[in-house]
Amino acid sequence: MNAGFLCIAVSLPLTLTAASDTHCLPRLWEPMAMVADDSGRVTLYYGDEGGRLHRLDDKGSGFRETKQVGVSAAVRALAAADLDGLGGIDIVIATSDGQLAVYDGETLASLWRSQDETYPSITALVVANVDQDPQLEILLLTGGRLVIVDGANHFKEWTSADATTATDCLVADVDGDGELEIVLSSGIVLSTVFFQAEWDLGESFGRELFLLDIEGDETPELVARSETGGMRIFSLKDRREIW
């Protein structure tokens, strides 16, 4: 992420500027991201089931839709980040027809689309720097594999050899060793150095993953929504379930 921007995935109700703007209110399950710059100006992006990408700008008293573009199909996942490290915000989306695409965050102009390759059944999309080069990487769970795509040049860097049942993933330093890990909902924690398993729970963490520093030690715990709808909490530093 480029200094000067804060990019966060969100699912929040929005305050709109007028009753006539209610058509642009995203539903809670639609992919959404928020970007805040150094001045505090907030922009929201979301994709919908109708195959449209929306930009909403904070006008002081609420949000107003300022731009909208059509995309190839229903938006299944969305992330906002400075992919190439040059200072602008890029919007990465995955669509139901297996397309991965990048749009300019300011204009919503199309920058790239994976026309020569499709990514079927994308269930998760994460943007992070997993190899310490200047640009970010795009991580996808697609077709039962974890795929890593270079964020600047869009070539496929790595594909997991083994199939995975994971439907969600996240990237963070979850054990306090100073290195990023890839956490898969299937119960596996991967190193970003050699993409080898650092820990295998032997069962799924849950369907959806979140991070929260519950113990206040600056190393986040993993919060997972279980397959039955309950909540499980893991200390990945201590490699155990704590609640």
Side-chain angles (χ1 to χ4, degrees), residues 1-3 5-11 31 33-34 77-83 85 92 94 122-142 144-151 156-243:
M1 182 180 70
N2 184 66
F5 291 99
L6 175 65
C7 304
I8 305 174
V10 295
S11 285
M34 178 180 72
L78 180 151
D82 178 9
L83 289 179
V92 186
I122 295 173
T123 60
L125 184 158
V126 177
V127 176
N129 191 342
V130 297
D131 59 9
Q132 302 306 310
D133 59 9
Q135 64 267 14
L136 301 180
E137 283 71 49
I138 303 167
L139 288 78
L140 305 169
L141 285 172
T142 172
R145 293 287 191 275
L146 174 63
V147 176
I148 300 178
V149 177
D150 181 89
K156 191 184 294 185
E157 291 188 355
W158 183 80
T159 301
S160 60
D162 298 328
T164 177
T165 58
T167 57
D168 197 9
C169 69
L170 50 82
V171 179
D173 178 7
V174 296
D175 56 12
D177 65 355
E179 300 287 344
L180 295 178
E181 286 81 36
I182 302 170
V183 183
L184 302 176
S185 61
S186 55
I188 296 175
V189 180
L190 296 176
S191 163
T192 56
V193 179
F194 299 109
F195 302 112
Q196 296 177 336
E198 292 187 354
W199 184 44
D200 187 345
L201 177 65
E203 60 177 296
S204 170
F205 288 126
R207 289 181 301 165
E208 299 174 12
L209 307 180
F210 310 89
L211 291 176
L212 184 64
D213 185 6
I214 297 172
E215 298 179 339
D217 58 0
E218 299 185 354
T219 300
E221 280 68 48
L222 178 68
V223 181
R225 182 180 298 175
S226 73
E227 301 295 338
T228 58
M231 182 182 297
R232 305 175 74 185
I233 302 176
F234 298 86
S235 169
L236 299 184
K237 177 178 64 177
D238 298 329
R239 299 185 179 182
R240 62 187 179 90
E241 186 170 2
I242 61 176
W243 190 77

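All residue numbers in this chain count up from 1 along the given sequence.
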**Q** Do L236 and V183 come within less than 4.5 Å of each other through their side chains, counting heavy atoms only?
**A** yes

**Q** With a 4.5 Å limit on heavy-atom distance, are the side chains of V223 and L209 in contact?
**A** no

**Q** Write down the atom of D238, the atom of S235, and the distance for their closest heavy-atom approach.
**A** N-OG, 3.1 Å

**Q** If every non-hydrogen atom of S186 is compared with every non-hydrogen atom of T165, which pair is closest and at what distance?
**A** CB-OG1, 3.6 Å

**Q** Which atom pair, heavy atoms only, marks the closest approach of A33 to L78?
**A** CB-CD2, 3.5 Å

**Q** At what distance, to the nearest 0.5 angstrom, does CD1 of I188 lie from CD of Q196?
**A** 12.5 Å

**Q** Just how far is it from atom CG of D150 to atom CG of L136, taken to the nearest 0.5 Å?
**A** 9.5 Å

**Q** Within a strict 4.5 Å, meaning less than it, do heavy atoms of the D177 and K237 side chains meet?
**A** no

**Q** As a quick check of understanding, evaluate side-chain contact (heavy atoms from CB on, under 4.5 Å) for R145 and T159, giving each step before the final call.
**A** CA-CA 7 Å; R145 293 287 191 275; T159 301; 4.1 Å; yes

**Q** Taking atom CG of L125 and atom CG of D168, what is their separation to the nearest 0.5 Å?
**A** 11.0 Å

**Q** Does V171 form a side-chain contact (heavy atoms from CB on, under 4.5 Å) with E181? I'd like the steps, not just the answer.
**A** CA-CA 6 Å; V171 179; E181 286 81 36; over 6 Å; no

**Q** Please determine whether a side-chain nitrogen of the Lys or Arg among E203 and R232 lies less than 4.0 Å from a carboxylate oxygen of the Asp or Glu.
**A** yes

**Q** Which atoms form the tightest heavy-atom contact between F205 and A224, and what is the distance?
**A** O-CB, 3.3 Å

**Q** Would you call L211 and L170 a side-chain contact if the rule is heavy atoms closer than 4.5 Å?
**A** yes

**Q** Which heavy atom in S185 sits nearest to a heavy atom in A166, and how many Å separate them?
**A** OG-CA, 3.4 Å

**Q** Got a second to check how far L180's CG is from Q132's CD, nearest 0.5 Å?
**A** 6.5 Å

**Q** What distance do N129 atom CG and Q135 atom CD have between them, rounded to the nearest 0.5 Å?
**A** 7.5 Å

**Q** Can you see which heavy atom on A77 is nearest to which on P31, and at what distance?
**A** N-CG, 3.8 Å

**Q** Nearest 0.5 Å please: distance from the CD1 atom of I233 over to the CG atom of L222.
**A** 9.5 Å

**Q** Quick check: are there more than 12 heavy atoms from other residues, nucleotides or ligands sitting under 6.0 Å from CG of D213?
**A** yes

**Q** Compare all side-chain heavy atoms of T219 with those of V174 and state whether any distance is below 4.5 angstrom.
**A** no

**Q** Applying ring-ring contact (aromatic ring centres under 6.0 Å, His included), which residue pairs with at least one partner in residues 158-197 are found, sequence neighbours left out?
**A** W158-F195

**Q** Apply side-chain contact (heavy atoms from CB on, under 4.5 Å) to residues E198 and D175 and explain how you reach the verdict.
**A** CA-CA 10 Å; E198 292 187 354; D175 56 12; 3.3 Å; yes

**Q** Is it true that a side-chain atom of T167 and a backbone atom of T123 form a donor plus acceptor pair closer than 3.5 Å?
**A** no

**Q** So do L141 and L184 actually touch side chain to side chain, heavy atoms under 4.5 Å?
**A** yes

**Q** Taking L146's backbone N and O only, do any of them form a donor-acceptor pair with S160's side chain (distance below 3.5 Å, no angle check)?
**A** yes

**Q** Heavy-atom count check: over 12 atoms from other residues, nucleotides or ligands less than 6.0 Å from R225 CZ?
**A** no

**Q** Using a 4.5 Å cut-off on heavy atoms from C-beta on, say whether the side chain of T228 contacts that of R207.
**A** no

**Q** Could you walk me through whether L201 and E241 pass side-chain contact (heavy atoms from CB on, under 4.5 Å), step by step?
**A** CA-CA 9 Å; L201 177 65; E241 186 170 2; 5.8 Å; no

**Q** Is there side-chain contact between I138 and I148, with heavy atoms separated by less than 4.5 Å?
**A** no

**Q** From the options V130, T192, V127, select the one residue that forms a side-chain contact (heavy atoms from CB on, under 4.5 Å) with E137.
**A** V130

